[in-house]
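Please read the structure below before turning to the comments.
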Amino acid sequence: MSAWLVDVCRAAERRDDIIACIKQRGYKQLFDMSSSEAANKYLEGTGALVPDRVNGIVYVNLSERADERLAQQWAHDLGYKEVVTFRTHDKRNKAVYHTNVMLCVGTDVAIVCAEGVTKDSDRERLLSSLGAHQTVVQISSHQMDALCGNVLELEDGKGLPILAMSTQAYNAFTNDQKKVMRKHVAAIHHAPIDTIEHVGGGGVRCSLAELF
């Protein structure tokens, strides 16, 4: 998938050499939708949406970086069954720019800042959809600021699910929240990435790309 990128610095990340490298590793099909940038319509990178790959659902926090029509097209082209959309604001009442800042969806557990979802009906639909498939850990807007939503489920060397996050995020979770997460994964791994978080504005999830 060649993504739409609203920021000129982010657009530079869409590099032909990386696409060629991925193709050499066996990924032959390319969905190039970057032509929508000319109409100022964007679906920026992997951060603009959070897919539930197991259940065929994609979650999208709509913003200037995430256009609803493009999200629907993405879901159709990649075979997803449902698109759940909503809008989210942080504790300063600023729009949340990427879905993966406020939401993580794993196989059996999801982390979400539901209190930031603007409309009650959207919040209810979001929680209902997540709750039908995952145990839901709700985080506060303050925890979202600490990038507790910017978490990614990975597999360890034994093929077991683990959660990857920053040390800042790990320390911001309560003990009860960690206990719930540990019921669904083999381990929680964290690392200090303070410079990336404070200068780049993203956490561990923003620093990783998934290949399937």
Side-chain angles (χ1 to χ4, degrees), residues 1-54 56-80 83 85 96-107 111 147 149-169 189-212:
M1 174 67 70
S2 186
W4 307 266
L5 296 165
V6 62
D7 186 273
V8 65
C9 295
R10 297 299 305 274
E13 298 171 10
R14 188 176 55 229
R15 290 166 39 192
D16 291 339
D17 59 323
I18 293 177
I19 294 173
C21 179
I22 293 172
K23 284 183 175 180
Q24 289 175 1
R25 294 177 178 270
Y27 297 87
K28 302 299 184 184
Q29 196 168 15
L30 173 67
F31 295 93
D32 187 355
M33 303 176 181
S34 57
S35 60
S36 295
E37 292 176 359
N40 294 319
K41 301 293 184 181
Y42 305 97
L43 192 66
E44 190 176 75
T46 57
L49 46 80
V50 172
D52 179 345
R53 303 180 192 278
V54 175
I57 304 168
V58 61
Y59 297 92
V60 186
N61 173 60
L62 300 176
S63 71
E64 67 172 359
R65 303 187 183 204
D67 178 78
E68 184 170 8
R69 184 186 63 80
L70 295 182
Q72 294 285 353
Q73 181 182 345
W74 184 97
H76 176 269
D77 289 348
L78 273 73
Y80 281 77
V83 179
T85 61
V96 173
Y97 58 92
H98 274 168
T99 311
N100 70 6
V101 171
M102 53 78 64
L103 175 64
C104 162
V105 176
T107 305
I111 302 164
L147 294 168
N150 203 236
V151 175
L152 184 63
E153 182 182 294
L154 304 171
E155 285 187 357
D156 66 12
K158 298 179 181 178
L160 298 174
I162 63 101
L163 288 177
M165 63 184 68
S166 70
T167 298
Q168 175 188 222
H189 293 282
H190 62 92
I193 57 166
D194 297 2
T195 301
I196 292 174
E197 289 176 319
H198 294 130
V199 178
V204 162
R205 173 66 187 86
C206 289
S207 306
L208 298 172
E210 302 164 84
L211 293 177
F212 282 80

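Please read all numbers here as calculations on a predicted model, not as lab measurements.
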Open item on the list: Quick one: does any side-chain atom of Asn150 pair with a main-chain N or O of Asn100 as donor and acceptor, under 3.5 Å?
Closed with: yes

Task: CG on Leu70 to CD on Glu44, rounded to 0.5 Å - done: 12.5 Å

TODO: Please step through side chain to side chain contact (heavy atoms under 4.5 Å, CB included) for the pair Leu43 and Asp67, ending with a clear verdict.
DONE: CA-CA 6 Å; Leu43 192 66; Asp67 178 78; 5.9 Å; no

Open item on the list: Any side-chain to backbone donor/acceptor pair from Thr85 onto Val60? Under 3.5 Å, distance only.
Closed with: no

Task: Donor-acceptor under 3.5 Å (Glu68 side chain, Leu62 main chain) - done: no

Open item on the list: Once rounded to the nearest 0.5 Å, what's the spacing between atom CD of Glu153 and atom CE of Met165?
Closed with: 11.0 Å

Open item on the list: Counting only heavy atoms from other residues, nucleotides and ligands, does the tally under 6.0 Å from NE2 of His189 exceed 12?
Closed with: yes

Task: Closest non-hydrogen atom pair, Ala169 against Leu147 - done: CB-O, 3.5 Å

Task: Smallest separation among heavy atoms of Ala164 and Val151, with atom names - done: O-CG1, 3.3 Å

Open item on the list: Closer than 4.0 angstrom, basic N to acidic O: yes or no for Lys158 and Asp156?
Closed with: no

Task: CD1 on Ile196 to CD on Gln168, rounded to 0.5 Å - done: 12.0 Å

Task: Distance in Å, Gln73 CD paired with Leu78 CG, rounded so as to fall on 0.5 Å steps - done: 10.5 Å

- [ ] Considering non-hydrogen atoms only, spot the tightest contact between Ile111 and Gly149 and give its length.
- [x] CG2-CA, 4.5 Å

Open item on the list: Counting only heavy atoms not in Asp17 (residues, nucleotides, ligands), do more than 12 fall under 6.0 Å from its CG?
Closed with: yes

Task: Expected output: side-chain Arg205 to main-chain Leu208 donor-acceptor under 3.5 Å - done: yes

TODO: Check Ile193 against Ser166 and note the closest heavy-atom contact, atom names and distance.
DONE: CG1-CB, 3.8 Å

- [ ] Flag the pair Ser36 / Arg69 as yes when at least one side-chain heavy-atom distance between them is below 4.5 Å, and no otherwise.
- [x] yes

TODO: Please confirm whether the backbone N or O of Asn61 pairs with a side-chain atom of Thr99, one donor and one acceptor, at under 3.5 Å?
DONE: yes

Open item on the list: Looking at every heavy atom in both Met33 and Trp74, which two are closest together, and how far apart are they?
Closed with: CE-CA, 4.5 Å

TODO: Would you mind reporting whether Arg53 and Tyr80 have side-chain heavy atoms less than 4.5 Å apart?
DONE: yes

